[in-house]
**Q** 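One structure, as structure tokens, below. Some questions next.
Computed over heavy atoms, backbone and side chain alike; hydrogens, waters and symmetry mates excluded.
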Amino acid sequence: MKIRLVNDGVFTPVEDINVALTTPEQGFYWIDADIDDLLVLQPLFSMHDLAVEDCMSEEEQRPKIEIYEGHYFIVFNSIRFDDEEIFLRSLNIFLGKHFIITVTNQKINELRMVKPVLWEQEVSAADRMLYHLIDMVVDNYFTVADRIEAKIDNLEEELIVSAKKTHLNEIISLRSEILWLKKGLAPQKEVLLVLYRKELRLIDDDLQKYFRDIYENAVKVSETFETFRDLMGNLRESYQLSIANRANDIMRVFTAITTIFMPLTLITGIYGMNFDYIPFMDWDFGSFYTMGFMFILGAFMFYLFRKKDWI
């Protein structure tokens with residue numbers, strides 16, 4: 001657990017947790033805690049049992065905001081794209097008048113990235129830090145959306161060149177992740193609606209207007225994922241069409257080869273019959289003439305099919 005006094009974006013470490021219980025003359029306290037630290041923090045900051053239970057739960061929590069006396073409890077999902085896999089990680093926030101407590105079970109990059117922003121913006125209020133933190137979380141969805149778009153473009157190019165079975169697995173997997181993300185983003189928009197529409201005494205009235213901008217960004221991300229879902233449907237159709245075209249090409253080649261060998265098979269069949277008289281059989285070079293004729297006939301048919309672009 002790390003305790004910092006934040007004033008004008010300057011971080012001052014605090015060793016004693018009891019110091020954070022009283023309102024500082026300037027600034028606010030940021031307590032960055034783990035799940036295990038809640039056992040210490042709950043009685044000190046009068047955290048509601050249900051909120052603490054949500055933080056400790058191993059199940060994925062739905063984004064939400066709950067208003068308690070003295071503090072708000074906010075659950076927001078941070079997104080991460082590692083090794084071609086997408087993860088959602090819960091960011092639990094307890095917001096008070098003079099403090100903000102962030103509780104996480106896994107590493108969340110936005111908590112590290114928000115520090116220089118607080119310093120640059122000379123932040124001295126807990127609600128303003130909440131705004132910057134959520135803004136960075138939502139902005140990161142755009143970064144992930146760009147990577148998904150690039151992956152879709154690569155898949156589309158590979159399908160044009162050569163469709164493989166592995167491509168179908170990638171399409172199905174990526175489409176499932178997009179639907180999962182879209183479903184997870186919907187309740188986060190509801191949280192942002194509350195933050196900018198509802199009268200909240202722990203958030204400054206002027207600051208609430210800025211949450212509207214975050215909400216609009218969340219809507220854009222949601223629409224982007226909706227577009228991606230349609231694109232994945234198109235990719236699946238492209239895959240099926242590519243496979244069908246390849247099958248048609250193979251069948252066309254086999255048909256052409258069969259057609260070429262049909263007259264040759266007829267000729268060899270005739271010369272394989274036990275008749276007393278067969279043309280060219282009495283000639284000294286009859287077999288060479290026959291094979292030469294068969295070669296010329298096969299070459300002519302191959303040339304004809306190539307000219308008509310049948311093979």
Side-chain angles (χ1 to χ4, degrees), residues 51 54-55 59-67 72-82 85-95 100 102-118 121 123 125-152 174-200 202-232:
D54 288 341
C55 293
E59 297 180 358
E60 184 178 319
Q61 294 298 313
R62 188 177 188 272
K64 60 184 177 179
I65 177 171
E66 296 179 352
I67 300 175
Y72 302 153
F73 175 59
I74 303 170
V75 179
F76 224 74
N77 283 333
S78 171
I79 190 172
R80 188 166 182 173
F81 198 173
D82 290 339
E85 293 188 46
I86 301 174
F87 303 93
L88 287 181
R89 296 180 174 177
S90 294
L91 173 59
N92 306 295
I93 304 171
F94 292 88
L95 176 69
I100 183 170
T102 54
V103 183
T104 58
N105 194 29
Q106 296 171 310
K107 183 179 179 182
I108 293 181
N109 290 333
E110 286 82 358
L111 291 176
R112 174 180 54 83
M113 297 166 58
V114 77
K115 296 177 184 178
V117 177
L118 298 180
Q121 298 294 327
V123 174
D127 57 350
R128 190 163 289 276
M129 175 181 170
L130 174 69
Y131 161 75
H132 287 295
L133 184 57
I134 292 181
D135 184 42
M136 295 188 72
V137 170
V138 174
D139 283 346
N140 197 34
Y141 275 82
F142 284 103
T143 304
V144 173
D146 290 339
R147 295 184 63 182
I148 292 176
E149 184 176 9
K151 190 172 183 179
I152 292 175
L174 188 56
R175 185 176 185 274
S176 299
E177 289 182 335
I178 291 172
L179 291 175
W180 175 57
L181 286 175
K182 187 176 181 300
K183 183 179 179 180
L185 187 60
Q188 298 199 157
K189 293 190 294 182
E190 297 175 7
V191 174
L192 293 170
L193 274 175
V194 174
L195 288 173
Y196 95 82
R197 281 186 175 179
K198 189 172 182 178
E199 293 183 4
L200 302 173
L202 295 182
I203 298 179
D204 187 81
D205 292 340
D206 293 334
L207 184 61
Q208 278 191 279
K209 301 175 183 178
Y210 290 91
F211 281 103
R212 178 182 179 85
D213 181 63
I214 303 179
Y215 171 76
E216 291 175 350
N217 288 338
V219 172
K220 292 178 183 177
V221 173
S222 181
E223 292 174 348
T224 300
F225 287 154
E226 183 68 32
T227 303
F228 288 162
R229 188 185 69 169
D230 296 337
L231 288 176
M232 297 311 298

**Q** Salt bridge check: are R212 and E216 linked by an N-O gap of less than 4.0 Å?
**A**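 Salt bridge between R212 and E216, a charged N being under 4.0 Å from a carboxylate O: yes.
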**Q** Can you find a pair of side-chain heavy atoms, one from N217 and one from V221, that are under 4.5 Å apart?
**A**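 No. Closest side-chain heavy atoms not under 4.5 Å.
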**Q** Report yes if the side chains of N77 and S90 come closer than 4.5 Å at any heavy-atom pair, otherwise no.
**A**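 Side-chain contact under 4.5 Å: yes.
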**Q** Should L202 and L200 count as side-chain neighbours, where that means a heavy-atom distance under 4.5 Å?
**A**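 The answer is no, as the side chains (C-beta and beyond) never meet within the 4.5 Å cut-off.
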**Q** Please check this pair: side chain of T224 against backbone of K220, looking for a donor-acceptor N/O pair closer than 3.5 Å.
**A**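 Looks like yes, one N/O pair under 3.5 Å.
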**Q** Would you say OH of Y196 has more than 12 non-hydrogen atoms from neighbouring residues, nucleotides or ligands within 6.0 angstrom?
**A**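 Counting neighbours around OH of Y196, more than 12 heavy atoms of other residues, nucleotides or ligands fall under 6.0 Å, so yes.
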**Q** Among residues at least two apart in sequence or on other chains, which ones pass salt bridge (charged side-chain N to carboxylate O under 4.0 Å, His left out) with E149?
**A**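 Partners of E149 by the salt bridge (charged side-chain N to carboxylate O under 4.0 Å, His left out) criterion come out as none, since no residue qualifies.
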**Q** Could you pull out all residues at least two apart from K64 that satisfy salt bridge (charged side-chain N to carboxylate O under 4.0 Å, His left out)?
**A**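 Listed in chain order: D54, E66.
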**Q** So, are E110 and K115 salt-bridged, with charged N and O less than 4.0 Å apart?
**A**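 No.
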**Q** In chain order, what residues pass the side-chain hydrogen bond (donor to acceptor under 3.5 Å, both in side chains) check against Y131, with sequence neighbours excluded?
**A**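 Expected list: none.
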**Q** Find the distance between OG (S78) and CD1 (I108) and round it off to the nearest 0.5 Å.
**A**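 S78 atom OG to I108 atom CD1 measures 5.0 Å (nearest 0.5 Å).
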**Q** So does C55 get a backbone contact from the side chain of N92, meaning a donor-acceptor N/O pair under 3.5 Å?
**A**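 No, the answer is negative, given that no donor and acceptor are paired below the 3.5 Å cut-off.
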